[in-house]
Amino acid sequence: MAKFIKPGKVAVVLQGRHAGKKAVVVKNFDDGNKAHPFPHAVVAGIERNPLKITKAMGKKKVARRSTVKPFIKVINYNHLMPTRYTLELENTKSLITAETFKEPSQRKAAKKAIRKQFEEKYTAGKNKWFFTKLRF
């Protein structure tokens with residue numbers, strides 16, 4: 001069977017707290033590992049999407065409404081639905097490692113870095129579909 005869940009692939013989370021949210025695969029483990037003995041992926045996704053912006057809004061309001069709240073999580077392949085979209089994130093592999101999930105301070109730092117990257121992509125106007133709320 002072809003391996004289609006690769007780093008950079010956008011997927012929709014199907015189960016759990018972040019069900020219905022979009023996420024990007026950062027690292028994939030097709031055979032699992034000792035901690036998680038099943039095929040899984042480390043994903044970085046959007047917990048809270050940026051809000052709509054109009055021309056009448058000031059810079060301060062635009063900056064506040066353009067914020068993105070990210071999440072990082074280890075998710076089983078069965079709970080991911082891959083899409084046709086991809087999103088390139090620079091240096092995310094080095095940011096998110098196995099130790100990131102053990103230490104809360106490292107997790108917070110990784111979330112901050114991911115948030116910065118997501119907001120840069122959003123303000124540049126790239127990958128519009130990724131930053132919109134799923135309508136269903």
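Just so it is clear, the structure is predicted and the values come from calculations on it, not from any experiment.
Counting only distance, with no hydrogens or angles, the side chain of K6 and the backbone of K27 share no donor-acceptor pair below 3.5 Å. A donor-acceptor contact shorter than 3.5 Å is absent between the side chain of K111 and the backbone of P70.
Of the inter-residue distances, the one linking M81 atom CE with Q15 atom CD reads 12.0 Å to the nearest 0.5 angstrom. With values rounded to the nearest 0.5 angstrom, K133 atom NZ is found 12.5 Å from I46 atom CD1. Between the OG atom in S66 and the CE atom in M57 there is a gap of 9.5 Å [rounded to 0.5 Å].
Using a 4.5 Å heavy-atom threshold, the side chains of V12 and L134 count as touching. Two residues are said to be in side-chain contact when any heavy atoms from C-beta on lie closer than 4.5 Å; V42 and K73 fail this criterion. By the 4.5 Å heavy-atom criterion applied to side chains, L51 and R64 are not counted as neighbours. Contact check for Q106 versus F101: no side-chain heavy atoms found under the 4.5 Å cut-off. The shortest side-chain heavy-atom distance between H40 and V74 falls under the 4.5 Å cut-off. Using a 4.5 Å heavy-atom threshold, the side chains of T86 and N127 count as separate. Proximity of F29 to P39: side-chain heavy atoms (C-beta onward) are nowhere separated by under 4.5 Å. With a 4.5 Å cut-off on side-chain heavy atoms, L87 and K121 count as touching.
Heavy-atom contacts from other residues, nucleotides or ligands closer than 6.0 Å to CZ of R48 number 12 or fewer.
Taking both residues in full, the closest heavy atoms of E47 and H18 are given as OE1-CE1, 3.6 Å, listed atom of the first, atom of the second, then distance. Closest heavy-atom contact between E119 and V68: OE2-N, 3.1 Å. Considering all non-hydrogen atoms of both residues, K52 and R65 come closest at O-NE, 2.8 Å. N28 and I5 make their closest contact through ND2-O, 2.9 Å (heavy atoms, listed as atom of the first residue, atom of the second, distance). Nearest approach of V26 to P7, heavy atoms of both residues: O-CB, 3.5 Å. Nearest heavy-atom pair across K22 and W129 is NZ-O, 2.5 Å.
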Exercise. Please walk me through it: do Y77 and D30 pass side chain to side chain donor-acceptor pair (under 3.5 Å)?
Worked result: CA-CA 9 Å; Y77 279 179; D30 291 324; 2.6 Å; yes
For this session: Starting from the C-alpha separation in whole Å, work towards a yes-or-no answer on side-chain contact (heavy atoms from CB on, under 4.5 Å) for V43 and I72.
Result: CA-CA 6 Å; V43 297; I72 52 172; over 6 Å; no
Exercise. Does the side-chain contact (heavy atoms from CB on, under 4.5 Å) test come out yes or no for F71 and K21, once each step is laid out?
Worked result: CA-CA 10 Å; F71 68 86; K21 304 289 184 192; 4.1 Å; yes
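Checked for salt-bridge contact, R107 and E103 miss the test: no charged N lies under 4.0 Å from a carboxylate O.
The hydrophobic cluster containing F38 does not contain I75, counting ILVMFWY residues as joined when their side-chain heavy atoms lie under 4.5 angstrom apart, directly or transitively.
Taking the ring centroids of F118 and F130, they lie under the 6.0 Å cut-off.
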